[in-house]
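Just so it is clear, the model here is predicted, and its values are computed rather than measured.
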Amino acid sequence: MPSGSLPTRRSSALLVLVVSLLALLLGGAGPAFAHAGLSGSDPADGAVLTNGPQYVTLTFTESVGFSDDSLRVLSPKNERVNPRPAQHADGKDNTARVELSGELPEGSYTVAWRVVSADGHPISGAFVFSVGQPSETAAVVATGSPDDTAVARLHGVFRYLAYSGLAFLLGAAAFVLLCWPAAGAVRPVRRALAVGWAALTASTAALLLLRGPYEAAAPLTSVFDLAQLGRTATGRPGAALIVRLVLLALGGVLLRRWGRRPDAPGPGSASG
């Protein structure tokens, strides 16, 4: 067996692993400009209805996900009048629908919504419709940006840390494969690989814990809520983070094997 074949195979395995992580990291997040938007609602914003509707339905420009509290319909007295959480309307994944309770008294009703677009980014908004005639309302809804919270800011920090860790990992792995196959045994290269792996692993674990509060606009103290973590694991962004952690665990095994090897000579070193 040629002496360089084993390092080359290991380098190739590492690069395949890193490319898989890159595809998962970028494909799961999606481009920043691909957020969903509200394209319509029934009742429409500002509508004045003769009779109260049975449902409130929102339609978005792309598929969305939601939690139990994603869509709230509030009476003029700020009382919730949709007793059950939202569902997709007629199986269409770009919709959210709630059923309203009984006969609605006259007045203005506020629809507050917060959903998660296909790229994993939460979006929110609110609008008003009236039954009979408009009225004053005591309903209070959040008006700030979904990104203007402590959880959202932390989520952003760890997301960029993940990109930085992946850049370290990908750069070092590409150097090993394309420039110097034996470099996997050199201490500085191993250190760069380890730093990239550690940064990406730590940030991925943090993003998994923050995902639920980030989607639901929950407080930072809820990151260790096991029920919320379970819901995160069943969603698309959470499942992608878990797969990423599994791939990183495999990468950690490979890096540890490399770490047990003695330093290799440089590419210009003489043999013998």
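- Under the 3.5 Å distance criterion, with hydrogens and angles disregarded, no donor-acceptor pair is assigned to the side chains of Ser70 and Arg114.
- The shortest heavy-atom contact between Val151 and Leu210 is CG1-O, 4.0 Å.
- Residues that satisfy the ring-ring contact (aromatic ring centres under 6.0 Å, His included) test with Phe129, not counting sequence neighbours, are Tyr109.
- There is a path of hydrophobic side-chain contacts, each under 4.5 Å, that joins Phe224 to Leu245.
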Residues 100-108 side chain polar contacts: donor-acceptor under 3.5 Å, at least two apart:
residue: Ser101; atom: OG; partner: Val81; partner atom: O; Å: 3.0
residue: Ser108; atom: OG; partner: Ser130; partner atom: OG; Å: 2.9
residue: Ser108; atom: OG; partner: Ser135; partner atom: N; Å: 2.9
residue: Ser108; atom: OG; partner: Ser135; partner atom: O; Å: 3.3

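- Thr201 places no side-chain N or O within 3.5 Å of a backbone atom of Ala198 that could act as its donor or acceptor partner.
- Taking 4.5 Å as the limit, some side-chain heavy atom of Leu200 sits within range of a side-chain heavy atom of Arg244.
- Between the side chains of Tyr160 and His155, no donor N or O sits under 3.5 Å from an acceptor N or O.
- Summarising the geometry of Pro76 relative to Glu136, their closest heavy-atom pair is CB-O, 3.7 Å, with the distance given to 0.1 Å.
- Cluster annotation: Tyr214 is connected to Phe158 through the hydrophobic network of ILVMFWY side chains, with a link wherever side-chain heavy atoms come within less than 4.5 Å.
- Nearest heavy atom pair, residue Ala126 against residue Ala112, reads CB-CA, 4.2 Å.
- Placement of Phe168 and Tyr163 in two distinct hydrophobic clusters is found when ILVMFWY residues are connected by side-chain heavy-atom separations under 4.5 Å, directly or transitively.
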Taking distance alone, no hydrogens or angles, what donor-acceptor pairs closer than 3.5 Å link side-chain atoms of residues 41-59 to residues at least two apart or in another chain?
residue: Ser41; atom: OG; partner: Pro43; partner atom: O; Å: 2.8
residue: Asp45; atom: OD1; partner: Val128; partner atom: N; Å: 3.4
residue: Thr57; atom: OG1; partner: Arg97; partner atom: NE; Å: 2.9

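- Side-chain atoms of Asp225 come within 3.5 Å of backbone atoms of Ala227 as a donor-acceptor pair (strictly under, hydrogens ignored).
- Inspection of the Asn82 and Arg84 side chains reveals no N or O donor paired with an N or O acceptor under 3.5 Å.
- Under the 4.5 Å side-chain contact rule for hydrophobic residues, Leu207 and Leu220 share a cluster.
- Val98 approaches Pro85 most closely through the heavy-atom pair CG1-C, 4.0 Å.
- Taking all atoms of both residues into account, the shortest heavy-atom contact from Ala96 to Leu71 is O-CD2, 4.0 Å.
- The shortest distance between side-chain heavy atoms of Asp90 and Thr95 does not fall below 4.5 Å.
- Taking 4.0 Å as the cut-off between side-chain N and carboxylate O, Asp69 and Arg80 count as a salt-bridged pair.
- No continuous path of hydrophobic side-chain contacts links Trp113 to Val116 [ILVMFWY only; heavy atoms under 4.5 Å].
- Using the six-membered ring where Trp is involved, Phe66 and His88 have ring planes that are tilted, between 30° and 60° apart.
- Considering every non-hydrogen atom in both Ala139 and Thr110, the closest pair reads CB-OG1, 3.5 Å.
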